[in-house]
4 protein chains.
Amino acid sequence: MAAMTEKRDNILDSALTLFAERGFDATTIPMIAKDANVGAGTIYRYFENKEVLVNTLFQYYVQVFTELLKKDFPEHHSIREQFHHLFQRMIRFTDEQEHALYFIKTHNAAYFLDDASREAFTDLWTILRDFLDEGKAENEIRDLPTLALIAIIFGGFLELHQLIRAGELERTEALMQGVENTCWDAVRHHP
Amino acid sequence: MAAMTEKRDNILDSALTLFAERGFDATTIPMIAKDANVGAGTIYRYFENKEVLVNTLFQYYVQVFTELLKKDFPEHHSIREQFHHLFQRMIRFTDEQEHALYFIKTHNAAYFLDDASREAFTDLWTILRDFLDEGKAENEIRDLPTLALIAIIFGGFLELHQLIRAGELERTEALMQGVENTCWDAVRHHP
Amino acid sequence: MAAMTEKRDNILDSALTLFAERGFDATTIPMIAKDANVGAGTIYRYFENKEVLVNTLFQYYVQVFTELLKKDFPEHHSIREQFHHLFQRMIRFTDEQEHALYFIKTHNAAYFLDDASREAFTDLWTILRDFLDEGKAENEIRDLPTLALIAIIFGGFLELHQLIRAGELERTEALMQGVENTCWDAVRHHP
Amino acid sequence: MAAMTEKRDNILDSALTLFAERGFDATTIPMIAKDANVGAGTIYRYFENKEVLVNTLFQYYVQVFTELLKKDFPEHHSIREQFHHLFQRMIRFTDEQEHALYFIKTHNAAYFLDDASREAFTDLWTILRDFLDEGKAENEIRDLPTLALIAIIFGGFLELHQLIRAGELERTEALMQGVENTCWDAVRHHP
DNA sequence: GATGAATGAGTTTTCATTCAT
DNA sequence: TATGAATGAAAACTCATTCAT
């Protein structure tokens with residue numbers, strides 16, 4: 001029943017892993033085909049070309065991540081609780097899709113991204129921006145340009161995630177708890 | 001310095017910029033040659049091949065950065081002062097070599113890095129690790145795996161630096177001061 | 001006629017049109033399948049491969065044309081009347097099968113034609129050759145190599161037919177009459 | 001001295017021959033490269049892609065032919081003498097460039113021709129059109145649409161030329177003389 | 001030493017053909 | 001019998017590297 005899109009999914013999965021591990025340009029179509037257990041030509045039945053493939057992948061995961069952050073957002077709770085929500089979802093996303101966030105991060109400024117991809121990425125940042133702006137208005141968040149704050153949290157977390165992926169750090173609950181606190185201490189307003 | 005190495009320097013400069021902007025795999029030798037105003041063949045007089053070029057570049061800038069951090073390190077001052085030293089040097093390095101730190105960051109896990117490059121990168125982390133370990137021992141730094149702390153500072157700062165390079169954020173003294181405080185609040189021990 | 005060969009006919013019709021419009025090499029099997037409203041695989045139920053298809057098509061239309069020319073040939077009438085017969089049938093053939101003659105013409109020297117196709121084409125020329133040889137014997141047709149005369153009539157007429165198909169010239173009875181006269185004046189013996 | 005464009009010329013020569021013999025779509029880049037004694041990649045140093053190559057070739061020979069027809073045109077001589085001039089130049093062109101006219105003819109309606117190619121081809125027809133229109137005005141040329149007359153002469157002559165190329169007919173002065181008369185009798189006004 | 005034209009190995013992409021359904 | 005998804009061989013095209021000048 002689900003067999004109809006199985007190959008397409010395999011291709012996307014393989015592409016995600018390889019793009020995350022080696023980057024778009026160092027990943028060849030035959031590499032993806034081999035990893036996905038399909039013929040090279042099959043990839044072109046599902047994606048017009050390599051750039052369409054990478055943009056499809058990018059948009060998909062950015063949207064999944066965006067929706068995950070948005071869903072059940074504790075609108076009327078404290079800024080700290082909202083931060084906790086966002087952070088936990090970010091952790092969950094990296095748990096569920098080991099390579100997705102790293103792929104997003106390493107490719108979000110790439111020359112081959114199309115307008116839809118850029119727009120999707122902007123939507124993602126908007127969530128974080130709105131949250132931080134609200135927090136600054138309530139004097140709960142440090143008075144630094146919002147973009148800078150996002151960069152610090154996002155950049156820091158992802159660098160850490162990469163270490164876990166590389167096996168240099170073990171992902172424990174305590175570590176995750178500590179990292180959340182670290183990031184919170186980074187961005188919160190210190191009286 | 002002398003005219004003899006002028007071409008070599010031009011090649012390295014152009015390669016640095018292009019590798020930082022497009023990545024190693026998307027940068028072609030003719031692109032570098034054109035940007036450096038030399039013939040494509042000339043690059044091969046100075047570097048055996050493209051991988052040797054990128055490794056030379058990587059090692060060079062990692063070492064320059066490492067030495068910059070080490071030089072005049074305030075060994076016997078407070079942890080906060082040592083942090084200030086490191087942070088200011090990091091800022092200075094990005095000011096002087098706009099693309100170097102981003103290049104290091106985006107290529108430090110690449111498949112084409114040789115042992116010397118990996119070792120140089122390890123040396124760089126060692127400086128930060130030793131500093132943080134000392135700080136933890138003195139109870140001035142948060143009790144989180146050192147690697148995690150480095151990731152957060154390094155990752156956060158670089159993400160911010162990218163925004164400045166992209167023109168989305170203006171590099172002011174106030175911003176830099178704020179970012180240093182943010183990072184310090186991230187890693188310091190909160191009583 | 002029966003439903004059993006309907007698909008085969010659709011395939012042949014579509015192939016004829018596409019081969020005439022784009023040529024054999026620029027026409028893909030999926031193009032033909034789509035135009036014929038059949039699956040690509042279906043084509044292979046009726047024709048072993050693409051070359052068999054084009055040869056089948058070529059032989060079929062060459063034979064239809066040959067028979068059309070032969071049928072009711074006014075054996076014992078004047079050369080001029082025989083010429084009229086042949087010319088009118090040529091016109092009728094292009095009227096009935098818009099693309100057939102042009103397809104024959106543009107593919108009659110192609111690298112993929114098999115012996116049967118070449119033979120069929122030779123048969124076609126034989127009719128014209130015999131007619132012209134007879135006319136030359138009777139001193140009604142110009143004394144020029146027969147092949148040359150055929151080339152001039154055939155080539156000229158087809159080039160004209162192309163202009164009509166392309167819509168650059170309107171097919172009127174007067175035009176057709178004029179073209180017949182033109183061709184007759186070309187080949188007849190001028191005292 | 002002329003070595004600088006030698007390869008480019010070899011490529012164009014080989015492409016002309018192969019396109020004329022097999023057609024654009026059945027001719028591969030490696031075929032051209034082999035025939036021209038260059039590497040396949042070399043072709044791309046001179047021509048952006050295969051379509052640019054074929055358009056360059058087409059425009060070049062159409063222009064050469066156009067200029068040959070125009071040069072020394074006997075403006076104030078009789079229509080018959082003008083016809084003689086045009087016909088002799090057409091013969092000369094096929095003598096000097098065995099494949100060029102046949103290539104032009106078999107590719108002048110191809111899907112891959114660009115605007116410049118189409119325009120160049122229109123210019124060529126304009127010469128013939130102007131000549132015939134003038135002749136019709138002087139009542140020396142048959143009263144048939146000009147396009148039709150061009151088609152007949154051009155089409156007839158080329159079909160003949162093809163037979164000579166294929167070796168089925170020998171190119172003698174007498175034959176050429178006869179063909180010119182044939183074509184003249186086709187288009188001239190018969191009182 | 002410096003160059004950039006030339007190359008061919010390796011890439012992306014197409015399409016005739018097969019075969020499970 | 002009919003299909004069209006899947007394939008891989010072969011095409012177009014790119015680019016690191018070489019080498020004659």
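All chains are named by letter (A, B, ...) in the order of the sequence lines, taking the proteins before the strands, and each is independently numbered beginning at 1. Since we're looking at a predicted model, the values are computed, not measured.
The closest side-chain donor-acceptor pair between D:Gln59 and D:Asp114 falls under 3.5 angstrom. Between the side chains of B:Gln162 and B:Arg165, at least one donor N or O sits under 3.5 Å from an acceptor N or O. Checked by atom type, the side-chain pair A:Asp9/A:Tyr46 shows no donor-acceptor distance below 3.5 Å. Side-chain polar atoms of D:Tyr60 and D:Asn55 form no donor-acceptor pair below 3.5 angstrom.
If you take CE of A:Met31 and P of E:dT13, they are 15 Å apart, rounded to a whole angstrom. What separates CZ of A:Phe112 from P of F:dT14 is a distance of 18 Å, to the nearest Å. Atom P of nucleotide F:dA2 and atom CG of C:Asn37 are separated by 14 Å, given to the nearest angstrom. Taking atom CG of C:Leu53 as the reference point, atom C1' of E:dC15 lies 15 Å away to the nearest angstrom. Between the P atom of E:dG4 and the CZ atom of D:Arg8 lies a distance of 20 Å, rounded to the nearest Å. Put simply, CD1 on C:Ile32 is 11 Å from P on E:dT17, counting in whole angstrom units. Taking atom CG of B:Asp25 as the reference point, atom P of E:dT12 lies 11 Å away to the nearest angstrom. Nucleotide E:dG1 holds its P atom 14 Å from the CZ atom of B:Phe47, rounded to whole Å.
Both D:Ile43 and A:Lys50 sit near DNA chain E, but only D:Ile43 has its closest nucleotide nearer the 5' end. Nearest-nucleotide mapping onto DNA chain F: of B:Thr27 and D:Ile29, the residue sitting toward the 5' end is D:Ile29. Along DNA chain E, the nucleotide closest to D:Gly41 and the one closest to C:Thr42 are compared, and the more 5′ of them pairs with D:Gly41. Between B:Thr28 and A:Gly39, it is A:Gly39 whose nearest contact on DNA chain F lies nearer the 5' terminus.
Between C:Tyr46 and F:dT1 there is no side-chain N or O to OP1 or OP2 distance below 4.0 Å. Taking only side-chain nitrogens and oxygens, B:Tyr44 comes nearer than 4.0 Å to OP1 or OP2 of F:dT17.
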field: Dot-bracket pairing map - DNA chain E, Watson-Crick plus G-U, both contacts under 3.5 Å, | cross-strand
entry: .||||||||||||||||||||
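In this structure, CG in B:Asp13 is found 6.5 Å from CD in B:Gln97, a value given to the nearest 0.5 Å.
Taking the six-membered ring wherever Trp is involved, the centroid distance between the rings of A:Phe24 and A:Phe112 falls below 6.0 Å. Taking the six-membered ring for Trp and the full ring otherwise, C:His107 and C:Phe103 have centroids separated by under 6.0 Å.
Counting only heavy atoms from C-beta on, C:Ala40 has its side chain closest to F:dG4 among E:dT12, F:dG4, F:dA16. In this structure, of E:dA2, E:dT12, E:dA16, it is E:dA16 that holds the atom nearest to the side chain of C:Pro30.
Taking 3.5 Å as the limit, the base of E:dA5 and the side chain of D:Arg45 contain no donor-acceptor pair of atoms between them.
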